[in-house]
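Working notes, beginning with the structure itself.
Any value given below was found using the heavy atoms of this structure, including those in side chains, with hydrogens, waters and symmetry copies removed.
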Amino acid sequence: MDVIWFAFFAVLLIGYFALEGFDLGVGVLLPLLGRTRDGRDRMVAAMAPYVLANEVWLVAVAGTLFGVYPALEGEVLFALYPVVVAMLLSWVLRDAGLWFRRRADGPGWRGFWDAMIAFGSLGLSFGWGMALYAAATGFTASPMHPMGLMLGMVVTLLFAWHGWTFLAWRTPGDFGAVRSGRALAVSGAVAALPVAGVLAGAMPYLVEHTVSAASLNVLSLMVLPFAPIMLGAQLWVWRTFRPGKDAFRLPSFF
């Protein structure tokens, strides 16, 4: 049972990197590719329908971490406290930018919140790289180590490439020539490689810190009914907002 739950946790975290990675990548690229107001609107419109569905994966990751590996909660938060705080602030700023950028008109208002989207996306991307480095060392090394900073840069670049591939798939002709869903799947798999590598090395450590079998049985009864719902919602979003289906219509809350 502990191995099954590790596999479930790994799928959730890899899925988050593969899916939310392109949202963050689009945010990082916003000031680079969105040189005009219309261009930025089109970039946000391309990713907006997927944001909330993709963030559900992170909520599921956090719930699984605290439910299956509660002994790690204090250790992770203590070792990564500055990074976790910075990532939470980045998350708030990124989502606030998505929510508020269209609440008023004017170049100043739009420009400020577009900058918050880019800044928050950059902070989350870079923070994930540093957090992965700390996790790979068993939280014995500082995430601010040069290798941690380098991994932060690598993850940011991978997310940016994933975001560009997503834009080229979602809005063919505007941001690139790639139109194949296969190319998007490849970029998602590559974006998830760092977390997959860390999980492979961390498997013995995580399995050792799993809660009791009785607790896992209770968690299974609580989680299993919701897993198909989350997967079904994800499939619905991808089917509904595939290329050619309201590609540039922003949801009313964005």
Side-chain angles (χ1 to χ4, degrees), residues 16-55 87 90-129 151-194 237-238 241-251 253-254:
Y16 171 77
F17 267 62
L19 294 171
E20 181 70 359
F22 70 73
D23 286 344
L24 297 177
V26 172
V28 170
L29 293 173
L30 196 62
L32 301 177
L33 298 183
R35 298 184 179 275
T36 64
R37 172 173 170 173
D38 180 65
R40 291 188 293 273
D41 283 347
R42 293 167 77 86
M43 291 176 70
V44 174
M47 71 167 175
Y50 303 87
V51 171
L52 295 181
N54 292 343
E55 288 182 338
M87 291 177 69
S90 297
W91 189 6
V92 170
L93 288 175
R94 196 282 297 262
D95 282 17
L98 291 172
W99 281 82
F100 290 122
R101 67 184 302 274
R102 288 171 59 90
R103 292 297 180 268
D105 209 350
W109 177 272
R110 288 282 189 94
F112 174 78
W113 290 115
D114 286 344
M116 292 302 99
I117 295 173
F119 180 78
S121 299
L122 178 62
L124 276 170
S125 303
F126 206 91
W128 273 115
L151 189 54
M153 185 178 299
V154 169
V155 170
T156 301
L157 291 175
L158 288 176
F159 281 177
W161 175 56
H162 190 25
W164 175 82
T165 307
F166 167 79
L167 288 173
W169 169 80
R170 179 92 163 99
T171 59
D174 286 352
F175 300 101
V178 180
R179 301 188 182 188
S180 171
R182 185 177 301 175
L184 180 60
V186 170
S187 69
V190 174
L193 278 179
V237 168
W238 280 86
F241 297 101
R242 63 188 183 275
K245 295 288 187 178
D246 297 327
F248 307 115
R249 180 182 297 175
L250 278 168
F253 43 82
F254 287 133

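Interatomic distance, CE of Met116 versus OG of Ser90, reported as 10.0 Å (0.5 Å rounding). Distance check, rounded to the nearest 0.5 Å: CG of Leu30 to CE of Met47 gives 6.5 Å. Taking CZ of Phe126 as the reference point, atom CG of Leu24 lies at 14.0 Å (rounded to 0.5 Å). Put simply, CG on Asp95 and CG on Leu124 are 8.5 Å apart, with the number rounded to the nearest 0.5 Å. Atom OG in Ser121 sits 7.5 Å away from atom CG in Leu98 (nearest 0.5 Å).
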> Going through the distances and angles, do Phe159 and Val28 end up as a side-chain contact (heavy atoms from CB on, under 4.5 Å)?
Replying inline: CA-CA 8 Å; Phe159 281 177; Val28 170; 5.9 Å; no
>> If you apply the rule salt bridge (charged side-chain N to carboxylate O under 4.0 Å, His left out), what do you find for Asp41 with Arg110, and how did you get there?
In response: CA-CA 10 Å; Asp41 283 347; Arg110 288 282 189 94; 3.2 Å; yes
>> Before you tell me yes or no, could you show the steps for Ile117 and Arg40 under side-chain contact (heavy atoms from CB on, under 4.5 Å), namely the whole-Å CA-CA distance, both residues' side-chain angles and the distance that decides it to 0.1 Å?
In response: CA-CA 11 Å; Ile117 295 173; Arg40 291 188 293 273; over 6 Å; no
>> Pair Arg94, Asp23 - check side-chain contact (heavy atoms from CB on, under 4.5 Å), show working.
In response: CA-CA 10 Å; Arg94 196 282 297 262; Asp23 286 344; 4.0 Å; yes
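Between Arg103 and Trp113, every side-chain heavy-atom pair lies at or beyond the 4.5 Å cut-off. Annotation: side chain of Arg42 is not in contact with side chain of Thr171 (no heavy-atom distance under 4.5 Å).
Sparse packing is recorded around CZ of Phe119, with 12 or fewer heavy atoms of other residues, nucleotides or ligands lying under 6.0 Å away.
Leu184 pairs by the side-chain contact (heavy atoms from CB on, under 4.5 Å) definition with His162, Thr165, Phe166, Trp169, Ser187, Trp238, not counting sequence neighbours. Applying the side-chain contact (heavy atoms from CB on, under 4.5 Å) test to Ala118 and every residue at least two apart in sequence or in another chain returns Pro31. For Val190, the side-chain contact (heavy atoms from CB on, under 4.5 Å) partners two or more places apart in sequence, or in a different chain, are Leu158, Trp161, Val186, Leu193.
No donor-acceptor distance shorter than 3.5 angstrom exists from the side chain of Arg170 to the backbone of Met43, with no hydrogens or angles considered. Side chain of Tyr50 to main chain of Leu19: no donor-acceptor pair is present (N/O by atom type, distance under 3.5 Å, no hydrogens or angles). Although no hydrogens or angles enter the test, the distance criterion places a donor-acceptor pair under 3.5 Å between the side chain of Trp109 and the main chain of Phe100.
In this structure, the ring of Phe17 has its center less than 6.0 angstrom from the ring center of Trp128.
The two residues Gly163 and Leu29 come nearest to each other via the heavy atoms C-CD1, 4.2 Å. In plain terms, the two heavy atoms of Val155 and Gly129 that are nearest each other are CG2-CA, 3.7 Å.
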